[in-house]
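In what follows, a structure is listed as structure tokens, so that the remarks can point back to it.
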Amino acid sequence: MSMSQETRGMWLGLLGVAIFAVTLPMTRLATGTVDAPQLSPWFVTWGRAALAGLLSIAYLLITRALDYFDPARTLGGNLTAALAKATCKFLLVSFTTDWRFSPARSREMVRALLDNKRDVSYAEIDAPHGHDAFLLDDARYMHVVRSYFDNIAQALASGASA
Amino acid sequence: MSEQVNLNAIARLVPEGSRVLDLGCGDGALLDYLQKNRQCTGYGVEIDDQNIQACIQRGVNVIQLNLDEGLAMFADQSFDVVLQIDTLQHLRNAEVMLRETVRVGQTGILAFPNFAHWPNRMSILTGRMPVTKRLPYQWYDTPNIRVGTYADFAQLAAKNNLNIVDSFGLQEGEEVRMWPNLMAGTAVFKLQRSR
């Protein structure tokens, strides 16, 4: 995406206003004229409201499925039990100012992995950029991830099991 | 403690195949050595970004954590050995961390600069704070916020009902068992919780 976030937001806003503007003539078409009435104005009004409501609910369900995802939900909140099946090595990185995926949550995962005696490394990067910190070129973050991947590449190249 | 000879002397105290937690693991050199030569597994704990990178580069498991916030992340007796090598002198909550060390580990191994080593005493006698190979900092820029001695630590261990399994001085990689408080630049203690 070459467009800046701001420009993209403006265009999306304009599109929203344009779509909403079209609903007025559409409503007129649906209700018809006094001489040739089509659908009941009450039906159209409630129909519009219901449709908008359903779409909003669908949108919220989809986004919250991400926000409220809890891998330990079926295990009474026991994250250690939830991660017991995992056998791979883990690298977790969090950013101190991330309000969406806070370091506290990452530490819970680290603890669950420690309880399971799994290989895990954890870097907590002190960055002021909030949730978007992971999108920026933070040298510490880049270096940690690069080193970790380099080790995997080396292990694969030398034929050892990673 | 960067000197390899001293690290080797401490590595000898860690039983083969132990599950180790190294508090203040620095660049991960000791853990790396223990994994390669003594079949140990485990994790380092560090606060410094550069050291975290160094550990990951070496392939040593490391967890970035401020030790002043405690060891809540680690369960009781979940490690065979918990190391505090040249860490104690940087901690605000040194006594709490001492108790945490033996809570999390069956055995705790601590090493720290012994302020009562005779060259330090000589320096104090002449009215100046010591600046030596072991304590290379000027008084105004030292990161060491706890300056204690071999004898001081033995007293702290007793106060906390800790069992001193073994203790000695370290000087140039050699164990010093005669007058360690006077003759060694580094104090080493192996501790367990009293039953």
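Just so we're on the same page: letters track the sequence lines, and every chain starts at 1. What you see is a predicted model; the values in this text were computed from it and never measured.
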* Identify whether the distance between the nearest side-chain nitrogen and carboxylate oxygen of Arg111(A) and Glu108(A) falls below 4.0 Å. => no
* Portion of Leu91(A) that has a non-hydrogen atom of chain B nearer than 4.5 angstrom -> side chain
* To do: Determine the option with the most heavy-atom pairs under 4.5 angstrom with chain B, choosing from Pro103(A), Ser94(A), Ala123(A).
  => Ala123(A)
* Quick one: does Gln84(B)'s side chain get under 4.5 Å of Met97(B)'s, heavy atoms only? -> yes
* Locate the shortest heavy-atom distance separating Ile56(B) from Ser147(A); write the atom from each residue and the value. => CG2-CB, 3.8 Å
* **Under 4.5 Å from a heavy atom of chain A, the part of Ile63(B) involved** => both
* Does any heavy atom of chain B fall under 4.5 Å from the side chain of Asp115(A), the backbone, both, or neither of them? -> side chain
* **Short side-chain to backbone donor-acceptor contact, Asn163(B) and Val165(B), under 3.5 Å** => no
* Asked: Of all the residues in residues 11-49 of chain B, which have a heavy atom that comes within less than 4.5 Å of a heavy atom in chain A?
  -> Arg19(B), Tyr43(B), Asp49(B)
* Got a sec, which residues hit ring pair (Phe, Tyr, Trp, His ring centres under 6.0 Å) with Tyr150(B), two or more places apart in sequence or on another chain? -> Phe189(B)
* Give the C-alpha distance, both sets of side-chain angles, the deciding distance and a yes or no for salt bridge (Lys or Arg N to Asp or Glu O under 4.0 Å) between Arg134(B) and Asp86(B). => CA-CA 11 Å; Arg134(B) 187 69 179 90; Asp86(B) 263 15; 2.7 Å; yes
* Only pairs at least two apart or in different chains count here, so list each salt bridge (Lys or Arg N to Asp or Glu O under 4.0 Å) that has a residue in residues 108-132 of chain B. => none
* To do: Could you note down all residue pairs passing salt bridge (Lys or Arg N to Asp or Glu O under 4.0 Å) where residues 157-169 of chain B supplies at least one of them, sequence neighbours left out?
  => Glu95(B)-Lys159(B), Asp166(B)-Arg177(B)
